[in-house]
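The structure that follows is given in the form of structure tokens.
Quick note: numbers below take in every heavy atom, side chains included, and nothing from hydrogens, waters or symmetry partners. Note on naming: letters A, B, ... go to the chains in the order of the sequence lines (proteins, then strands), and numbering restarts at 1 for each one.
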Amino acid sequence: MSITKRVNGVGEFIRTIVDPVILGFRHLFRPRQTIRYPFEYYEPADGYRGRIINDLEKCINCMLCARICPDKCISQKIVEGKKWPEIDFGRCCFCGFCVWVCPPDSLQMTKDHSFPTYNKEDLFYEWDELGEYPDPSSWRVGKEIKQKKIQHEMVFE
Amino acid sequence: MSLTVNWGPQHPSSGHFRMVTTIDGDRIVKAIPKIGYTHRGIEKLLENRDYIPAIPMIERFNMTDCAPMNMCWILGVEDLLGAEVPDRAHYLRTILCEISRIASHLYNLALYTVAIGMYTPFMWAIGDREYFLRLAEELTGVRLAFAYMLPGGVRRDMSEDLGGKIMKTVDYLEKRIPEYNRFVYESPTVEARGRDVGVLTREEALEMGAAGPVLRGSGVALDMRKKAPYAAYEKMDFDVVSYPEGDSHARMLVRFGEMVQSFRILRQAVKEIPNGDIHAVTKKTSTIVRTRGVPEGKTYVRCEAARGMIGLYLESHGGRRPYRAKFSTPSFRNAYILPKIFNNAPVADAPATYHSLDIWALEMDR
């Protein structure tokens with residue numbers, strides 16, 4: 001059905017054209033909803049499921065994490081008679097079941113969500129590499145978006 | 001003279017989906033959906049998975065709306081176990097399901113408006129969806145693929161300030177409703193593209209087994225949240241939205257109405273959420289599932305996803321792995337409607353009609 005049949009009279013027809021323009025102008029003065037990522041960032045929520053680390057002092061070498069992993073991305077390495085988990089982040093889906101199942105809570109998830117590499121092999125983290133806490137500067141790139149700067153945070157504030 | 005043309009899977013608006021259309025002039029005479037382009041055999045793979053590691057894979061049915069997929073699986077496992085779930089976990093599940101539903105409906109609004117050539121509502125919907133993904137991130141730790149529910153409860157408790165954040169986000173979206181109404185749903189341009197296009201009558205909808213907003217858009221007010229309540233829906237006060245017209249626009253209105261109802265549910269859930277445990281006995285039920293599996297038996301459970309009723313037939317012969325898991329997904333049933341719905345419609349209406357059904361090809365093929 002054509003548009004003209006849906007509009008009652010000339011007045012409404014003109015309003016269908018003018019109203020969006022007015023709304024567009026109003027939206028010009030609203031805060032933007034996007035962030036310019038490499039220059040700005042916002043902090044992920046607490047408890048964000050990012051890169052997994054392993055506290056080597058707490059780990060009891062039970063390997064329950066490898067058993068529950070849906071992607072089979074956790075393998076074991078035997079060092080001095082003890083089993084240690086190693087994670088291939090190229091396969092990991094960040095479901096966090098390994099962290100959930102860990103009896104001494106030695107596996108933890110950090111806020112690190114950006115660790116790109118040039119080689120696929122570099123995503124494989126060996127047992128001692130998992131023990132290092134990630135450098136926050138890897139995801140805190142540029143300046144932090146403050147409250148009320150983007151509309152998103154304004155809603156929450 | 002008619003011409004047979006493939007619509008998809010490389011069509012910009014089709015998704016991972018192919019439809020063989022026979023075209024006469026610019027009219028679609030016949031349309032046959034070809035199902036299976038993204039078939040991954042998940043149901044077979046589930047037979048080789050433990051019950052809990054299966055959850056991330058089940059969520060891959062539908063990434064935009066993954067909480068109900070998880071919910072359905074958990075309902076099945078809990079039914080076989082006879083597990084008790086604390087009230088707080090029920091409420092948290094309800095909150096996540098509604099967040100997921102709103103995000104999914106906004107995403108569909110974005111796709112539909114792009115299909116009819118309006119890019120502003122696309123930006124609005126995607127921008128507003130972001131707030132709900134952020135809420136999901138605060139609740140579960142990730143924006144998509146939550147893997148949040150476990151047999152016997154949920155994985156994480158809600159932080160104290162999250163309730164306020166949910167309320168504020170809902171407030172903000174409710175303020176946006178008049179804008180959406182004026183410039184999308186009541187706009188003559190949008191109505192002209194959606195009214196009397198892709199009409200599915202009530203009888204056809206029932207005969208073809210339509211699901212979700214497609215069924216309710218044809219005047220059948222059937223919602224599993226009302227019909228067979230699960231989680232905390234029994235205690236929630238909400239309406240089932242349905243429109244009798246059965247055209248593309250009615251289906252979009254149903255989704256919009258459902259979003260408004262979801263706001264109501266979110267408000268009630270946040271307000272009434274009881275204190276207490278979030279898991280039956282800390283980690284115990286899920287530990288039983290993890291170590292000993294579930295007892296022998298078979299069950300059929302249903303729950304309401306954003307796209308319609310999702311059913312699960314689960315059969316266990318004991319042990320840690322299911323013997324058979326069969327999902328009945330709404331997108332699959334809605335894909336059956338495609339041959340009926342075009343009915344000599346112009347080719348230009350095909351993308352809009354297709355997106356008004358909200359078929360998610362990955363969920364359809366499984």
Please determine, by modelled atom types, if B:Asp171 and B:Thr169 share a side-chain donor-acceptor pair under 3.5 angstrom.
no

Describe, in one word, how the ring planes of B:Tyr180 and B:Trp124 are oriented to each other, choosing from parallel (under 30°), tilted (30 to 60°) and perpendicular (over 60°).
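The arrangement is perpendicular - the two ring planes meet at more than 60°.
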
Between B:Glu179 and chain A, which part of the residue has a heavy atom less than 4.5 Å away: side chain, backbone, both or neither?
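The side chain, not the backbone.
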
May I ask you to check if A:Arg51 and A:Phe115 form a cation-pi contact, with NZ or CZ under 6.0 angstrom from the six-membered ring centre and within 45° of the axis?
yes

Region of A:Arg26 that comes under 4.5 Å of a non-hydrogen atom in chain B
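For A:Arg26, the contact with chain B is made by the side chain alone.
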
Would you mind checking which part of B:Tyr148 comes under 4.5 Å of any heavy atom in chain A, side chain (CB onward), backbone (N, CA, C, O), both or neither?
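Interface part for B:Tyr148: neither.
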
Is a donor on one side and an acceptor on the other found under 3.5 Å between the side chain of B:Arg195 and the backbone of B:Asp247?
no

So which part of A:His113 gets closer than 4.5 Å to some heavy atom of chain B, the side chain, the backbone, both or neither?
neither

I'd like to know which of A:Phe97, A:Phe94, A:Tyr48 tops the heavy-atom pair count under 4.5 Å against chain B.
A:Phe97

Atom pair CZ/CG of A:Arg91 and A:Leu123 - distance to nearest 0.5 Å
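Separation between the atoms: 12.5 Å.
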
